[in-house]
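Proteins get letters first, then strands, A, B, ... in listed order; numbering begins at 1 in each.
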Protein chains: 4
Amino acid sequence: MEARRKISKRDSIIEAAIEVFSQKGYHNTRMEEIAIAAGAGKGTIYEYFSSKMELFHDILLTGWRKIEEDISVDEMASRPVAEQLLHMLSGHLRYFQQNRQLTRVTICEVKTIDQELVEWALQMKEEKEKQVCSMIAAGIERGELRPDLDIDIVSRMICSLIPYFASYVVMNDLDLDSYRLADQISAVILTGIKK
Amino acid sequence: MEARRKISKRDSIIEAAIEVFSQKGYHNTRMEEIAIAAGAGKGTIYEYFSSKMELFHDILLTGWRKIEEDISVDEMASRPVAEQLLHMLSGHLRYFQQNRQLTRVTICEVKTIDQELVEWALQMKEEKEKQVCSMIAAGIERGELRPDLDIDIVSRMICSLIPYFASYVVMNDLDLDSYRLADQISAVILTGIKK
Amino acid sequence: MEARRKISKRDSIIEAAIEVFSQKGYHNTRMEEIAIAAGAGKGTIYEYFSSKMELFHDILLTGWRKIEEDISVDEMASRPVAEQLLHMLSGHLRYFQQNRQLTRVTICEVKTIDQELVEWALQMKEEKEKQVCSMIAAGIERGELRPDLDIDIVSRMICSLIPYFASYVVMNDLDLDSYRLADQISAVILTGIKK
Amino acid sequence: MEARRKISKRDSIIEAAIEVFSQKGYHNTRMEEIAIAAGAGKGTIYEYFSSKMELFHDILLTGWRKIEEDISVDEMASRPVAEQLLHMLSGHLRYFQQNRQLTRVTICEVKTIDQELVEWALQMKEEKEKQVCSMIAAGIERGELRPDLDIDIVSRMICSLIPYFASYVVMNDLDLDSYRLADQISAVILTGIKK
DNA sequence: TATGAATGAGCATTCATTCAT
DNA sequence: GATGAATGAATGCTCATTCAT
């Protein structure tokens with residue numbers, strides 16, 4: 001029971017931190033606010049996280065992992081690009097909708113804070129771009145896509161859609177049909193790149 | 001000569017502020033750093049700007065205005081979408097390349113700082129989206145584009161490219177051929193949306 | 001014990017603040033000095049007082065309340081004016097002697113600081129004048145005092161004695177026999193106003 | 001003409017300084033405000049006064065000298081105390097009324113500012129007390145006053161009236177008949193001390 | 001383990017004073 | 001002399017972090 005309580009304490013802190021960070025941003029959030037929102041003491045946060053930065057970093061990591069778990073692209077690698085693209089986009093959009101606050105934090109905040117974090121975020125981005133590159137390259141290989149495409153550029157075009165529509169979804173409280181939206185987006189892109 | 005010196009002092013502060021803000025971010029920049037970088041005293045900054053926030057806001061506004069001046073979209077309105085799109089994208093990309101630091105500040109920093117500023121940034125974005133919407137709508141009207149397009153979505157797809165490639169251009173110090181890049185991007189989009 | 005310590009911390013800050021304010025004046029006192037004198041950190045002061053002004057205001061209020069508690073005039077209202085006057089004056093003088101530093105702050109500092117505070121101080125003064133007015137009026141009523149007296153003027157004359165002798169007592173470190181002093185003062189006034 | 005202009009510049013600065021100091025107090029007054037009120041440049045003030053403190057000190061000195069010129073007590077020394085007292089009090093009260101702002105500065109501000117100034121103010125006060133002491137002593141000598149009076153105390157009682165009624169006169173914009181007021185005050189005191 | 005009182009480094013801002021014109 | 005742009009020392013206040021309980 002103690003272990004369970006400890007876990008729930010840690011989780012309530014994370015939950016509260018996501019809430020407050022997403023509303024006020026990293027720099028405008030005070031540790032005390034998080035503590036209050038978590039129903040814990042200020043000191044308790046430091047039992048689980050060594051600093052404000054680490055807490056933030058942890059949230060970012062968790063967020064990213066959850067996305068990647070949610071949208072496992074690899075196992076789709078053999079499917080047609082059309083399907084993969086649709087799967088990826090709709091997966092992301094659905095995730096954004098279901099994790100609005102976490103998304104807001106993950107997308108917007110990283111750049112202002114810490115060199116280490118910026119580089120980490122860049123890595124995440126590049127990883128994503130590489131994933132999409134592979135998808136495109138394979139599509140060309142298989143003859144699905146036009147062979148004259150600049151793979152890097154197309155990959156970045158697709159990746160650009162994700163954070164932009166993320167903030168679109170997050171900022172508006174409207175509940176979108178994420179599948180239909182993804183369908184429309186990928187239709188345009190596909191027509192633009194298919195053979 | 002007095003007038004000239006005053007202007008150059010103000011300008012040297014702005015220049016220094018862009019430099020430091022773009023490197024360290026708003027919250028990690030101390031006024032003293034800006035002063036030193038500008039070769040001025042701390043107090044001098046306050047002769048021209050009433051607060052750190054106002055200085056930052058001023059830079060953002062200036063940056064935005066310069067972009068809009070640089071890429072006057074309106075006078076192109078009667079041209080084919082293909083041309084307009086290419087003009088807009090290559091214009092932005094060229095601007096980003098020529099104003100790397102200002103771009104970095106303009107694109108990245110806004111969200112963490114101030115509610116008022118966030119709303120202002122949203123307005124700018126929406127304005128841009130509306131511009132592109134008109135472009136698309138007119139293109140459909142003229143029979144250049146597929147009539148079944150969801151104008152809003154396509155507009156957002158195009159707008160998503162701008163900040164993403166902005167940070168791509170800004171983060172890497174490589175000198176890209178912005179016209180070629182824009183050409184490739186718009187080719188894909190165009191194929192995706194043209195009749 | 002926790003409660004006790006918290007109280008003593010707050011008190012040690014107040015004590016230190018009275019000490020430093022009384023020696024250097026409000027504007028020449030830095031918060032850090034108070035903190036050092038209190039054996040506390042700068043931040044600790046702000047745990048108990050939201051600003052320098054509030055700390056000062058609090059001290060003033062406390063000082064005033066202590067005086068009024070110390071010299072409860074009301075319960076003497078039925079006694080002869082001679083007795084009341086002597087009681088009031090000797091009470092004040094004794095208080096001033098026993099709370100030299102607080103007196104110095106209370107009497108001298110108010111006017112330079114803050115409009116709100118000035119008005120509060122004026123109210124305190126007017127309250128005091130009214131108290132004495134009642135005393136005089138009742139004395140005339142009872143036939144103790146000359147009926148042709150201008151009550152307002154006499155009241156002000158008596159009130160003028162208090163801050164003046166306060167600073168006299170406070171500035172000199174001599175230990176006066178406050179009762180004898182009060183006796184002499186009130187004797188002169190009484191002879192001047194009695195029937 | 002230059003000399004005349006220079007004099008008027010200096011005077012306009014003093015005039016403006018009295019105005020602003022009396023309204024905002026020493027610490028809340030900025031040199032720039034004085035400069036603006038004087039219709040001069042900030043730097044110009046330093047042509048005539050080496051520092052803010054010196055400007056303030058100069059005003060105080062001038063104020064005090066004007067009082068003493070206005071109410072020359074010495075030449076009255078041979079007259080009866082009744083007359084002297086009335087002369088002194090009514091003189092002061094008239095002066096206060098005619099120089100409201102200067103009075104406000106002279107009476108209220110001194111204590112918070114500068115050790116040197118505090119001591120100067122104490123000297124002024126003691127000088128005044130000595131003057132009145134002589135007056136009383138002479139009155140006793142001449143058999144006008146009761147011989148058992150404590151000269152110091154009575155002197156302080158009289159001196160206490162001056163700043164108190166000064167602030168009374170200054171704070172209220174009512175135009176008082178200073179002669180009548182002085183008459184009433186001195187009547188009470190005299191009855192209290194005469195043989 | 002959990003707490004929150006205590007801390008002090010860090011920073012935006014003010015304003016008396018200087019000095020080139 | 002007169003000016004006001006430029007300066008930087010000085011200071012109130014914030015908030016992440018610590019540690020005694």
Side-chain angles (χ1 to χ4, degrees), chain A residues 2-3 5-6 9-10 13 27-36 38-55, chain B residues 1-3 5-6 9-10 13 27-36 38-53 55, chain C residues 1-3 5-6 9-10 13 27-36 38-53 55, chain D residues 2-3 5-6 9-10 13 27-36 38-55:
Chain A
E2 266 201 314
R5 196 200 292 167
K6 179 171 173 179
K9 206 65 174 170
R10 191 180 193 278
I13 289 170
H27 283 287
N28 295 317
T29 294
R30 296 198 310 280
M31 291 301 263
E32 195 172 21
E33 289 181 89
I34 295 174
I36 289 167
K42 260 185 297 182
T44 310
I45 299 177
Y46 290 86
E47 293 292 322
Y48 300 99
F49 307 93
S50 67
S51 70
K52 186 184 181 185
M53 259 292 297
E54 211 221 62
L55 170 58
Chain B
M1 180 158 168
E2 265 201 318
R5 193 202 291 170
K6 182 169 174 179
K9 203 69 178 175
R10 192 181 191 277
I13 289 170
H27 285 286
N28 294 317
T29 295
R30 276 169 299 122
M31 291 302 263
E32 195 172 20
E33 290 180 88
I34 295 174
I36 290 167
K42 258 186 297 182
T44 310
I45 300 176
Y46 290 88
E47 293 287 323
Y48 300 98
F49 307 93
S50 65
S51 71
K52 189 183 178 183
M53 257 293 294
L55 170 59
Chain C
M1 179 158 169
E2 266 203 315
R5 191 201 293 171
K6 181 170 174 180
K9 203 68 177 172
R10 193 181 191 276
I13 289 170
H27 285 286
N28 295 317
T29 295
R30 274 169 300 123
M31 291 302 263
E32 197 173 20
E33 288 180 88
I34 294 174
I36 290 167
K42 257 184 300 179
T44 310
I45 300 178
Y46 290 87
E47 292 288 322
Y48 299 98
F49 306 92
S50 66
S51 70
K52 187 183 180 185
M53 257 293 295
L55 170 58
Chain D
E2 267 203 312
R5 195 200 291 165
K6 180 172 173 179
K9 207 61 173 174
R10 193 181 192 278
I13 289 170
H27 283 287
N28 295 316
T29 295
R30 297 197 309 282
M31 291 301 264
E32 195 172 21
E33 289 181 88
I34 295 174
I36 290 167
K42 260 187 297 185
T44 311
I45 300 177
Y46 289 86
E47 293 290 323
Y48 300 99
F49 307 93
S50 67
S51 72
K52 188 185 180 183
M53 259 290 297
E54 210 220 64
L55 170 59

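With pairs defined as Watson-Crick or G-U wobble and both atom distances under 3.5 Å, the stems of at least three pairs that touch DNA chain F come out as E:2-21 with F:2-21.
Here B:Tyr48 reaches the OP1 or OP2 of F:dA6: one of its side-chain N or O atoms lies under 4.0 Å away.
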Per-nt protein contacts along nucleotides 11-16 of chain F (heavy atom under 4.0 Å; B base, S backbone sugar-phosphate only, - none) come out as SSBBSS
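Separating the CG atom of A:Leu55 from the P atom of F:dT17 is a distance of 10 Å, rounded to the nearest angstrom. If you measure from atom CZ of B:Phe49 to atom C1' of F:dA6, you get 15 Å, rounded to the nearest angstrom. In this structure, A:Arg10 atom CZ and E:dT1 atom P are separated by 13 Å, rounded to whole Å. For the pair C:Lys9 NZ and F:dA20 C1', the interatomic distance rounds to 13 Å; values are reported in whole Å. To the nearest angstrom, P of E:dG8 lies 16 Å from CD1 of C:Ile34. Per the geometry, CD1 belonging to A:Ile36 stands 12 Å off P belonging to E:dT3, to the nearest Å. Per the geometry, CD1 belonging to A:Ile13 stands 10 Å off C1' belonging to E:dA2, to the nearest Å.
The backbone N or O of A:Thr29 sits less than 3.5 Å from a side-chain atom of A:Lys52, completing a donor-acceptor pair.
Summarising the geometry of B:Lys9 relative to B:Ala40, their closest heavy-atom pair is CE-CB, 3.9 Å, with the distance given to 0.1 Å.
At the heavy-atom level, C:Ala35 lies nowhere under 4.0 Å from the strands shown.
For A:Arg30, the side-chain contact (heavy atoms from CB on, under 4.5 Å) partners at least two apart in sequence or on another chain are A:Glu33. For A:Phe49, the side-chain contact (heavy atoms from CB on, under 4.5 Å) partners at least two apart in sequence or on another chain are A:Arg10, A:Ile13, A:Ile14, A:Ile45, A:Glu54, A:Leu55, A:Asp58.
Taking CD1 of A:Ile34 as the start and CD of A:Glu32 as the end, the distance is 11.0 Å to the nearest 0.5 Å.
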